[in-house]
Enquirer: 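Before anything else, here's the structure in question.
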Amino acid sequence: MKPVFALVDCNNFYASCERLFRPDLAGRPIVVLSNNDGCIVARSAEAKALGIKMGVPVYQVERYLQQQGVAIFSSNYALYADISARVMSILEQLAPRVEIYSIDEAFLDLTGVAASTSLSEFGSQIRQTVGQHTGIRVCVGIAPTKTLAKLANHAAKQYPATGGVVDLTDPARQSRLLALVPVNDIWGVGRRLSQRLQADGIRTALDLAAADPKSIRQQYSVVLERTLRELNGEPCLSLEEVTPTKQQIICSRSFGQRITTFQEMREAICEYTSRAAEKLRQEKRIAKRLSIFLRTNRFNASEPQYMPSPGAELPIPTDDTRELVAAAARLLRTCWKDGYRYMKAGVMLTDFYETGSFQPDLFSSGSAPLRSKALMSVLDTINQGGHGRVFLAGQGLHQTWSMQRRSLSPAYTTRWQDLPVAK
DNA sequence: TCTGGGGTCCTAGGACCC
DNA sequence: TCTGGGGTCCTAGGACCC
């Protein structure tokens with residue numbers, strides 16, 4: 001049986017989540033900012049219509065946002081994750097196999113669905129059900145490959161006449177759409193590739209689909225060859241239901257204010273290491289390698305730049321916050337230099353093993369690592385419970401460097417104090 | 001003054017081995 | 001005054017995604 005994929009994508013997801021609990025904002029433009037209130041990362045339809053671009057630094061458009069009466073929100077990730085989980089669980093009820101691709105997108109396997117009902121009808125059912133149960137609007141693209149399903153979804157968003165659902169299983173329809181799509185709108189073709197492709201005379205998705213797979217592989221890469229084949233309806237990417245285990249865990253942030261002292265940086269690195277260790281334990285992994293990085297402001301050419309990123313192997317892989325923090329602090333001492341204004345720092349864990357699976361080598365002897373499963377699990381339970389936090393002294397009490405979130409909405413669905421009240 | 005964070009995959013090139 | 005060839009493993013960096 002020929003495979004059929006659907007891509008379900010939430011419209012303007014973060015902005016829509018904010019509006020769910022603020023009916024007074026109906027029809028008003030909304031933008032959501034990145035961490036630290038730096039850039040615009042999501043826009044409502046009204047904000048897009050005003051010409052506000054994705055990714056622009058807020059300070060460049062602050063006046064304009066005010067003039068236009070745009071509602072501004074800091075990122076409220078707890079809220080978006082919770083709404084996302086609700087949307088995804090509905091999709092899992094509707095389709096037998098679902099791959100959660102990102103916070104606001106999922107691929108569905110619709111192979112065989114057409115027997116009872118038409119594919120586009122099924123797409124409309126998805127839209128309706130999700131809309132009814134969560135208030136979130138989605139668009140649905142349906143096609144024989146993931147790459148085509150992405151394009152179908154794109155079209156469903158772009159052309160209101162489609163009613164938010166595009167069935168692209170018909171080859172004639174595929175080529176009509178591909179002729180309209182510029183290469184940079186193809187999934188997997190970014191800024192650099194699209195520049196190169198255009199220089200080679202490949203301007204539309206149809207141009208790429210018509211190119212020779214072998215020479216594309218030679219001149220570009222095996223990845224682009226797969227994209228080309230997928231555009232021609234030949235599936236190269238399959239549905240991945242089980243989330244593959246992580247290869248690396250990163251925790252990094254820009255600071256609310258520049259950091260200039262070792263003490264503050266030490267706090268920040270401790271904090272990020274603790275967050276990374278929590279994620280590691282959630283994954284049920286232990287890590288053998290830890291690295292940290294510091295960054296000055298690369299946008300400011302007149303300032304001296306320093307961006308060290310030292311790393312180290314741990315004697316024995318671990319998921320214990322205290323051991324990881326100690327290692328991170330050692331690395332910080334090796335690379336710290338006074339006299340710079342640091343903008344950002346981060347911690348990265350790599351080289352994972354399953355908890356309990358690691359064989360220590362014959363010669364790593366002696367010093368029993370301070371490690372306690374019980375302690376770490378108590379730490380996690382308390383910190384995930386929402387009734388206060390327990391942390392290492394090194395993380396700092398005041399965290400003067402922590403990020404700015406001036407326009408944060410309440411955690412409507414994940415904190416009792418913030419529950420919306422119907423009057 | 002003010003520019004996010006967290007991931008993946010692929011490739012090229014160096015180190016090392018026989 | 002000459003200096004192979006081929007394989008594997010690892011790392012850094014580039015490109016992409018949301």
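The structure displayed is predicted, hence computed values, not measured ones. Numbered from 1 within each chain, the chains take letters A, B, ... in sequence-line order.
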Enquirer: Can you tell me the distance, in whole Å, between the CG atom of A:Asn184 and the P atom of C:dC17?
Expert: 10 Å

Enquirer: So, A:Asp418 side chain and A:Tyr412 main chain: donor-acceptor pair closer than 3.5 Å or not?
Expert: no

Enquirer: How is the base pairing of DNA chain C summarised as a dot-bracket string, given the Watson-Crick and G-U wobble criteria with both distances under 3.5 Å, [ ] for crossing and | for another strand?
Expert: ....||||||||||||||

Enquirer: For C:dC18 versus B:dT3, give the span between their P atoms, rounded off to a whole number of Å.
Expert: 25 Å

Enquirer: Should the pair A:Arg285-A:Asp319 be classified as a salt bridge under the 4.0 Å nitrogen-to-oxygen rule?
Expert: no

Enquirer: Measure CD1/A:Ile100 against C1'/C:dC17 and give the value in whole Å, please.
Expert: 17 Å

Enquirer: With a distance cut-off below 6.0 Å to the six-membered ring centre and an angular limit of 45° from the axis, does A:Lys146 pair with A:Phe107 as a cation-pi contact?
Expert: yes

Enquirer: Could you check whether A:Asp104 gets within reach of a base, just the sugar-phosphate, or nothing at all, counting any heavy atom under 4.0 Å?
Expert: sugar-phosphate

Enquirer: Just checking A:Glu241: does its CD atom have more than 12 heavy atoms from other residues, nucleotides or ligands closer to it than 6.0 angstrom?
Expert: yes

Enquirer: Is there a donor-acceptor contact under 3.5 Å linking the side chains of A:Asn35 and A:Ser75?
Expert: no

Enquirer: What nucleic acid atoms does A:Ile40 come within less than 4.0 Å of, heavy atoms only: base, sugar-phosphate, or nothing?
Expert: nothing

Enquirer: Does the ring of A:Tyr306 carry A:Lys337 above it, NZ/CZ under 6.0 angstrom from centre and within 45° of its axis?
Expert: yes

Enquirer: Can you give one letter per nucleotide of nucleotides 4-16 of chain B, going 5' to 3': B for a protein heavy atom under 4.0 Å from the base, S for sugar-phosphate only, - for none?
Expert: SSSSB-SS-----

Enquirer: Between B:dT1 atom P and A:Asp37 atom CG, what is the distance in whole Å?
Expert: 18 Å

Enquirer: Are the charged groups of A:Glu278 and A:Arg281 less than 4.0 angstrom apart, N to O?
Expert: no

Enquirer: Determine the contact category for A:Val189: base if any of its heavy atoms lies under 4.0 Å from a base atom, sugar-phosphate if only primed atoms, P, OP1 or OP2 are that close, otherwise nothing.
Expert: sugar-phosphate

Enquirer: Please verify the inter-ring angle class for A:Tyr80 with A:Phe13; under 30° counts as parallel, over 60° as perpendicular, anything in between as tilted.
Expert: perpendicular

Enquirer: Does anything in residues 192-199 of chain A reach DNA chain C, meaning a heavy atom under 4.0 Å, and if so which residues?
Expert: A:Arg192, A:Leu193

Enquirer: Whether the A:Asn300 and A:Ser302 side chains hold a donor-acceptor pair (N or O, under 3.5 Å, no angle test) is what I'd like checked.
Expert: yes

Enquirer: Sub-3.5 Å donor-acceptor pair from the side chain of A:Arg137 to the main-chain atoms of A:Gln128, do we have one?
Expert: no

Enquirer: Whole angstroms only, please: what is the OH-P distance between A:Tyr101 and C:dC18?
Expert: 5 Å

Enquirer: For the aromatic rings, using the six-membered ring if either is Trp, is the centroid distance between A:Trp187 and A:Tyr101 under 6.0 Å?
Expert: yes

